[in-house]
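Worksheet: the structure to be examined is printed underneath.
Since this is a predicted model, take the numbers as computed values, not measurements.
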Amino acid sequence: MTAGPVWEHIVFFALPLLLGNVFQQLYNTVDNVVVGNFIGKSALAAVGSSAPIVFALIGFFMGLSAGAGVVISQYYGAKQFEKVSQTVHTTMTMTFILCVILTVVGVILAPEMLKWMNTPDDVLAEGSAYLRIFFAGATGMLVYNMGAGILRAVGDSKRPLYFLIFTTLLNTGLDLLFVCVFNWGISGAAYATIFSQGLSALMILFVLTRSKEAYKIEWRKLSINRPILRQIISVGLPSAFQQLVTAVSNVFVQAYINAFGSAVMAGWSAYRSLDMFMLMPMMSVSLAATTFTGQNIGAGKADRVKAGVRTSFLLSEGITLVLILLLCSFSPQLVRIFNKESDVIESGVLFIRLLSPLYVCCVVNQIFAGVLRGAGDAKAPMLIMLSAFVLFRQIYLFIASRLSDSLSVVAFGYPMGWILCSILMYAYYRTGKWKKYAMVG
């Protein structure tokens, strides 16, 4: 990414990444569609109530993965291949250790997590069963995401995509088999997901083990290199912590939504599934901007970073505007895919038409956060996002819920956070302070 047309690097890196994100989101979406249509709205509400906890786990690991990716991409751009190898082995060792810890904690605390969100009794049992099975098999998802992050850091976003397409199609087939044929209920959807994700992890490990490049995994070399671990943590932990706390904040938002009953919960679940597809283009372009920035900072070509910012922003805004138009135009039909009950459709359409026009604001914070992380400055995006997505959003919800019992007022807490975050993120980027964080010259 350090030479050639900037737009070409951004587009052709982001495109397979976008497709990969779409297929990864299909894991959860297929679960929602199958349980919502073949079991009922209470099951759809159960999967939806579990979503913030699942996203907290995914977000934490994606943050660590981004930190490892920045370190790898900068060393790769600087052609320091021994450092690349050390970073890969440190990253995977850290991943395996964290997998054990998070699996044990998640299985034990799953029911309590749902109770913290004021989950209704008619949803709690199914939600607990789904979440416990998910945590029991979470290692597959976590290892895949970390391994895919390693490949993307060196410019290979295609093979992770191929593996994800295959296992997503497998997950769809297993969902139908376990839920519709075997009648395993919501547990069947969870088993289908963890089996498919485990296979994707094995495939990514096979590629990394058989590679001849500097990022190859040699199992006897798995260990923790403390200086490199500190670099990964310095970049990745702020992002991971931000993702985790933001997801925890979403748990509190879910608690406010849960107070309106299972029909609204099911409508919110349908909206949130569609919401993730709306966010994916900007998130994919943001990750492309992170890798582009990291490699060019590592190669000493800071001037190309500005061109990358312009290209990433315009591309992301253009795609988002088209998707907003489609989402608002076909919102009843889209919600009906998840559940056909009128009260669920009404709630889902309300959420879509109220919130989706403001996705244009979310593009700003996503793109500039990606650029800052690529330069090695992860603390500023963390603090800005925590301030907007957690502190401000919780203050807003606390006040708004006491002034009004309107569902629209509660839901509007999401875009209010996007707007504030975008203003603060752009203002910080303009200061230029992020340029001093590069780890290599």
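- Every residue meeting the side-chain hydrogen bond (donor to acceptor under 3.5 Å, both in side chains) condition with Thr167, not counting sequence neighbours, appears here in chain and number order: Tyr27.
- One finds a salt bridge joining Lys115 and Glu112 here, because a Lys/Arg side-chain nitrogen approaches an Asp/Glu carboxylate oxygen to under 4.0 Å.
- Legend: residues meeting ring pair (Phe, Tyr, Trp, His ring centres under 6.0 Å) with Tyr191, ordered by chain and number and at least two apart, are absent.
- When all heavy atoms are compared, the tightest approach of Val88 to Tyr215 is CG1-O, 3.5 Å.
- For CZ of Phe206, the number of neighbouring non-hydrogen atoms (other residues, nucleotides, ligands) closer than 6.0 Å is 12 at most.
- The number of heavy-atom neighbours closer than 6.0 Å to NZ of Lys158, taken from other residues, nucleotides and ligands shown, is 12 or below.
- Looking at residues two or more places apart in sequence or on another chain, you find a ring pair (Phe, Tyr, Trp, His ring centres under 6.0 Å) between Phe81 and Tyr76.
- Of the possible donor and acceptor atoms, none in the side chain of Ser85 sits under 3.5 Å from a partner among the backbone N and O of Glu82.
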- Task: Just do the side chain to side chain contact (heavy atoms under 4.5 Å, CB included) check on Phe135 and Leu109 with the steps written out, would you?
- Result: CA-CA 10 Å; Phe135 272 111; Leu109 295 181; over 6 Å; no
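- Of the possible polar contacts, one joining the Asn339 side chain to the Gly36 backbone as a donor-acceptor pair under 3.5 Å is found.
- The shortest side-chain heavy-atom distance between Val349 and Ser347 does not fall under the 4.5 Å cut-off.
- In this structure, the side chain of Thr290 engages the main chain of Gly370 through a donor-acceptor pair within 3.5 Å.
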- Can Asn32 and Ser273 be said to form a side-chain hydrogen bond (donor to acceptor under 3.5 Å, both in side chains), step by step? CA-CA 8 Å; Asn32 283 335; Ser273 292; 2.6 Å; yes
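- Taking every heavy atom of both residues into account, Val107 and Pro111 meet most closely at O-CD, 4.5 Å.
- Within the 3.5 Å criterion, the main-chain N or O of Val285 finds no donor-acceptor partner in the side chain of Ser316.
- Counting non-hydrogen atoms of other residues, nucleotides and ligands closer than 6.0 Å to NZ of Lys340 gives a total above 12.
- For Phe260 and Trp268, the gap between ring centers reaches or exceeds 6.0 Å.
- In this structure, the side chains of Phe195 and Leu170 come closer than 4.5 Å at one or more pairs of heavy atoms.
- Summarising the local packing, CD of Glu346 is surrounded by 12 or fewer heavy atoms from other residues, nucleotides or ligands at distances under 6.0 Å.
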